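Some notes on the structure that comes next.
Bear in mind the structure is a predicted one, so any value in this text is a computation, not a measurement. In each ligand, atom 1 is the first atom listed, and ligand 1 is the first ligand listed.
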Amino acid sequence: MAIFVVQPSPPLIGEIEIGSSKNAVLPLIAASLLTGETMRIDRPPALSDVEMLCQVVESCGGRVWKEQDQLCIEAAELVSPTVEDAMRRMRASVLVMGPLLARTGRARVALPGGCAIGQRPIDLHLKGMSALGAQVTLHQGAVELSGTLRGAVVYLDTPSVGATENVMMAATLAKGATRIENAAKEPEIIDLANCLTMMGAHISGAGSSTIVVDGVEALQGTHYLPITDRIEAGTMACAAAITGGNLLLRGARADHLRALLFKLHESGVEVMDYPGGLRIRGRVHEPMEIRTMAYPGFPTDLQAPMMVLACTTPGTSVFMETVFENRYMHAGELRRMGANIRVEDRMAVVEGATALEGARVQCTDLRAGAALLLAGLAAHGETVVEDLPGHIDRGYEHVETKLRNVGALIERVEHPNASV
Ligand code: UD1
């Protein structure tokens, strides 16, 4: 829960160390429930989403502790296979459903309500578990799942990241082979498959649209270093381009960010790919056309930061959001800063190069919050970004410190003592 005060900032210059990927680490934490042995995750990011999922693991009977720069989890015995309350607070807690069901034969999850960026149902997760043989019943607003899992063909109507991860985890301990068709291809899926393989699972095809999992009797603990966060890296790349800066993003991987880097390059930004990271230099000169899609398409999580770039670039930019149905809430806040953005259903049209003016704006979700911080760097006057729900800390570790170290003028004022 914080308030960020952002002043117009000079071009950002220097190096930013990109942390471990939130979206890779969350399924790894859930996967730790698949074994009674110790799981060690190296370099866990300091994020509230990670802390919250660790609490869910503890509520299921797991033990969680830190050793130097390692997050250690041991779920020798699972006592309470329920994630009902946690689901109401955090959608990613649905990821423990597959592991709980596979290991204990039982799980109970709440049906999530509509969330800020769209409906985000879990029907594909449930269809997957049902195809694997689970009985799925609705009881007092929660879904109860039970049964012994058997391999099956699971077709996902849409390549859902979470559903692919959940089914893949559940299938590791199912009897026989499972084929997931129309699977998500995100780098985080490959990372999870790599970790599960080190735990003893038999998985092939991760990163393609067909994943095959041959079930095994049991999995063992392992020690795993997750991939770096492509969305944090992409957000920082946008920050460099918005200020016309020169940033080396240490640990950022070009192979995970092709769609963004192509768009930045096309719009006039210099992108250099080094073995240890990426350098982003210069400004955007050309308007852009962005269509968000499942990987390897343009990531929906970078649509909001990219829209801030479009606001600062001459010409008309067009955005098409195809993944989530309500992901333009930052547009309203950017308009309060003087941006010229017209939203119609899934399309947003940005007339760029209108001077942004500092204002008091509200974070509506995680990536929208990051976009508002970036807008503050480029605006005239002071911008106050109110993040009372703590969205930004869910997905960006020490964001103000990382930005300040490269020249941004940004302060965090903790709430409730904040009196800005
Ligand atoms: C993950 C990421 C999130 C990212 C999103 C899309 C994590 C923790 N979060 O979220 O940052 O924005 O992928 O890249 O990894 N859907 C259904 N039924 C389902 C599941 C999903 O209709 O059962 C729909 C969703 O409403 C959405 C689309 O499928 O429209 C994609 O969602 P999904 O890939 O599942 O996103 P998450 O895994 O929740």
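A donor-acceptor pair under 3.5 Å links the side-chain atoms of Q303 to the main chain of R327, judged by distance alone. No donor-acceptor pair closer than 3.5 Å links the side chain of E188 to the backbone N or O of I190.
A salt bridge does not link K22 with D301: none of the charged nitrogens is closer than 4.0 Å to a carboxylate oxygen.
Considering backbone and side-chain N/O atoms, P121 comes within less than 3.5 Å of an N/O atom of ligand 1. The distance criterion of under 3.5 Å between nitrogen or oxygen atoms is met by N23 with respect to ligand 1. Of the polar atoms of L124, at least one N or O is found under 3.5 Å from an N or O of ligand 1, judged by distance alone. Considering both main-chain and side-chain atoms, V323 comes within under 3.5 Å of ligand 1 through a nitrogen or oxygen pair. The distance criterion of under 3.5 Å between nitrogen or oxygen atoms is met by S160 with respect to ligand 1.
Ligand 1 has at least one atom lying under 4.0 Å from a heavy atom of H125. Contact annotation: A163 has no heavy atom less than 4.0 Å from any atom of ligand 1.
When the shell of 6.0 Å around CE of M293 is examined, it contains 12 or fewer heavy atoms from other residues, nucleotides or ligands. Other residues, nucleotides and ligands place more than 12 heavy atoms under 6.0 Å from the CZ atom of R43. Counting non-hydrogen atoms of other residues, nucleotides and ligands closer than 6.0 Å to OH of Y155 gives a total above 12.
Considering V56, V57, I73 in turn, V57 is the only one that fulfils the side-chain contact (heavy atoms from CB on, under 4.5 Å) rule with L33.
Relative to atom 11 (O) of ligand 1, the option among L302, V25, D301 with the closest non-hydrogen atom is D301. Between atom 17 (C) of ligand 1 and the options L95, L53, V94, D123, the minimum heavy-atom separation is to D123. Residue V161 holds the heavy atom nearest to atom 34 (O) of ligand 1 of all those in D49, V161, I122. When the options L192, N166, T158 are ranked by their closest heavy atom to atom 29 (O) of ligand 1, first place goes to T158.
Against a heavy-atom cut-off of under 4.0 Å, R327 is close to the following atoms of ligand 1: 12 (O). Near G162, meaning under 4.0 Å from any of its heavy atoms, are these atoms of ligand 1: 35 (O), 38 (O). Taking a cut-off of under 4.0 Å to the non-hydrogen atoms of T300, the atoms of ligand 1 that pass are 6 (C), 12 (O), 14 (O).
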Evaluation steps, side chain to side chain contact (heavy atoms under 4.5 Å, CB included), between S317 and M306: CA-CA 10 Å; S317 294; M306 205 61 177; over 6 Å; no
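Between L372 atom CG and L334 atom CG the span is 5.5 Å, to the nearest 0.5 Å.
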